[in-house]
Amino acid sequence: MTSKDRAILKIGDQSWDFPIYHASIGPRVVDIASLYKQTGIFTFDSGFTSTASCESRITFIDGDKGTLLYRGYAIDELAEKWDFLETCYLLLHGELPDKSQAKVFRENISKHNTLPEQLHNFYTGFDRDAHPMSMMCGVVWALSANYHNSMDISDASDRMLACMRLIAKIPTLAAMTYRHHIGEEFVSPRGDLDYASNFLYMCFSGESKEYSVNPIIARAMDKIFTLHADHEQNASTSTVRLAGSSGANPFACIAWGIACLWGAAHGGANEAALSMLEEIGTVDRIPEYIKRAKDKNDPFRLMGFGHRVYKNYDPRAKIMQQTTHEVLEELGIKDDPTLAVAMELERIALTDEYFIERKLYPNIDFYSGITLRALGFPSSMFTVLFALARTVGWSAQWKEMIEDPKQKIGRPRQLYTGETVREYVKEEER
Ligand code: SDX
């Protein structure tokens, strides 16, 4: 990054200047890395609302326009025209694969989609009713035990192998988590099914009957994975980057990302949004919940609404809504009451001054729960599916961070407002 533009900081009669770097698209940045050294002052940006933590070439979001690009390709084009594994290749390599690259990539994913027997036994440590996200944190972390000594993150081929193993194994782990949760035997992946179909097969095939994957449902699942694949420096991706900046094992870093995604303010919102819509129950009860969402004394928020970056409609939510209609139609589910509540809630909120003024729109989590429930998943599995899809984004961002020549361990500072130095007082004198 080079720049002739400079930003001037003036405090009292002193001033300092800092380089400004231009983005290929999106906001410029002021490089303040030398601020403390020059001025003895920190910046303060709790929640990182105005802070770029890194330089990246993977995903771009324009929050005002509501656009999302993976390596320059618009999300709606990718979701409609390509499949998830081609999107994985794009996020990892920076270009869409040609025919032979796509073939080799799919074969590689297929080669790595099984798990060592010890991992199967790992599940016996979980109660069946443990939250599936708690199991996912545990089993993905356990992968770091299997792939620790055999991996050197300073080696490019080892880094790519770690990413391929993660993308290949995460659907199998997610399906095993689901099967353990419902008390069913594990089902191994098949070599003749595509990524999304294999995942549905591993989840829903029964002992007695041969499960045949509905191609329209599999396509919808694949599209949902693409929509969730990456999203710039969100909380869980920033967690993976910060963890990885110390040189930690990439499987352990992804487990940290899963833990962060679980929160209701982040990926856990899809589960919370469906329970909110089910709690509202009928359209006539919407005004009561809108009132609560606006009441500062009520902690209730509309789950699946609002976004730190999107101050316009989340482009993924639009595609998600279309996919919801496609899935419900294919499954012959007419007049889903929860969908009716969701659409009326959206209509009312988008005409309400409170939401308009704060630029609060539906985000990806608002409709996803209705679709995933229709696909047969319990709401406790919704964030697991988000984590399954986001594993490629976390992996690509981890890889980019490790390969950044300017990379160093992340170590933020603080505004300290605690006690100043004070003398120890003996117990009898307190
Ligand atoms: C994801 O970052 C990513 O990219 C994440 C993600 C990804 O793909 O990785 O997109 C996935 O996490 C989507 C977001 C899922 N979370 C939810 O749907 C939970 C509900 N949403 C809110 O909790 C909230 O909107 C956040 C957390 C998403 C964003 O919060 P911000 O940016 O910190 O905004 P804020 O809390 O400063 O709110 C600004 C104002 C406040 O009102 P005022 O104090 O100005 O009067 O908007 C209000 C908030 O009270 N507000 C809401 C609201 N969200 C914000 N009021 C009611 N309902 C809401 N959902």
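First listed ligand is number 1; within each ligand, the first listed atom is number 1. Throughout, residue positions are numbered sequentially from 1 according to the sequence presented.
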Does the pair Glu107/Lys103 count as a salt bridge with the N-to-O cut at 4.0 Å?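 So Glu107 pairs with Lys103 through a salt bridge.
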
Does the distance from a Lys or Arg side-chain N to an Asp or Glu carboxylate O, for Lys334 and Glu329, drop under 4.0 Å? no

Does a donor on one side chain sit under 3.5 Å from an acceptor on the other, for [X] and [Y]?
X	Y	value
Tyr195	Asp222	no
Asp230	Thr59	yes
Tyr367	Gln322	no
Thr43	Asp45	no

Residue, atom name and distance, where the atom is the protein heavy atom closest to [atom]:
atom	value
atom 28 (C) of ligand 1	Gly306 O, 3.7 Å
atom 19 (C) of ligand 1	Met303 CE, 3.5 Å
atom 2 (O) of ligand 1	Asn234 CB, 3.5 Å
atom 57 (C) of ligand 1	Ala293 O, 3.7 Å
atom 14 (C) of ligand 1	Asn363 ND2, 3.6 Å
atom 44 (O) of ligand 1	Lys296 NZ, 3.9 Å
atom 47 (O) of ligand 1	Arg358 CD, 3.5 Å
atom 13 (C) of ligand 1	Asp365 OD2, 3.5 Å

Who gets closest to [atom] by heavy atom: [options]?
atom	options	answer
atom 20 (C) of ligand 1	Tyr361, Phe366, Phe305, Phe386	Phe305
atom 49 (C) of ligand 1	Arg301, His228, His307	Arg301
atom 11 (C) of ligand 1	His231, His266, Glu232	His266
atom 55 (C) of ligand 1	Thr237, Asn270, Leu68, Leu360	Leu360

Heavy-atom pairs closer than 4.0 Å: do any link ligand 1 to the side chain of Ala273, the backbone, both, or neither? neither

What part of Arg316, side chain from CB on, backbone N/CA/C/O, both or neither, has a heavy atom under 4.0 Å from ligand 1? side chain

[X] heavy atom under 4.0 Å from ligand 1:
X	answer
Val309	no
Ala264	yes
Tyr354	yes

Test applied, ring pair (Phe, Tyr, Trp, His ring centres under 6.0 Å); reference residue, Trp82; option that passes from Phe225, Tyr73, Tyr89: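 The single option meeting the ring pair (Phe, Tyr, Trp, His ring centres under 6.0 Å) with Trp82 is Tyr73.
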
Parallel under 30°, tilted from 30 to 60°, perpendicular over 60°: which one fits the rings of His307 and Tyr310? tilted

Parallel, tilted or perpendicular for Tyr211 and Phe204, by the 30°/60° rule? tilted

What pairs meet the ring pair (Phe, Tyr, Trp, His ring centres under 6.0 Å) rule with one or both residues in residues 269-300, with sequence neighbours excluded?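 Sorted result for residues 269-300: Tyr289-Phe300.
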
Quickly, which of Arg219, Lys223, Arg106 forms a salt bridge (Lys or Arg N to Asp or Glu O under 4.0 Å) with Asp83? Name it, please.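 With Asp83 as partner, salt bridge (Lys or Arg N to Asp or Glu O under 4.0 Å) holds for just one option, Arg106.
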
Show the nearest heavy-atom pair for residues Ile170 and Leu388, with the distance to one decimal.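 Scanning both residues completely, I find the closest heavy atoms to be CG2-O, 3.7 Å.
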
With atoms numbered from 1 as shown, which atoms in ligand 1 lie under 4.0 angstrom from a non-hydrogen atom of [X]?
X	result
Gly304	17 (C), 18 (O)
Ala269	15 (C), 16 (N), 17 (C), 18 (O)
Arg390	7 (C), 8 (O), 9 (O)
Arg308	29 (C), 31 (P), 32 (O), 33 (O)

Indicate whether [atom] is within a distance of less than 4.0 angstrom of some protein heavy atom.
atom	result
atom 26 (C) of ligand 1	no
atom 37 (O) of ligand 1	no
atom 34 (O) of ligand 1	no

Verdict with reasoning, Thr237 to His231, per side-chain hydrogen bond (donor to acceptor under 3.5 Å, both in side chains): CA-CA 8 Å; Thr237 298; His231 213 239; over 6 Å; no

How about Phe382 and Phe377: are their ring centres within less than 6.0 Å of each other?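 They do not qualify: ring centres at least 6.0 Å apart.
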
For the rings on Tyr361 and Phe366, is their centre-to-centre separation under 6.0 Å? no

With sequence neighbours left out, the residues meeting salt bridge (Lys or Arg N to Asp or Glu O under 4.0 Å) with Lys65 are Asp62

Do any nitrogen or oxygen atoms of [X] lie less than 3.5 angstrom from nitrogen or oxygen atoms of ligand 1?
X	value
Asp314	no
Lys311	no
Ala265	yes

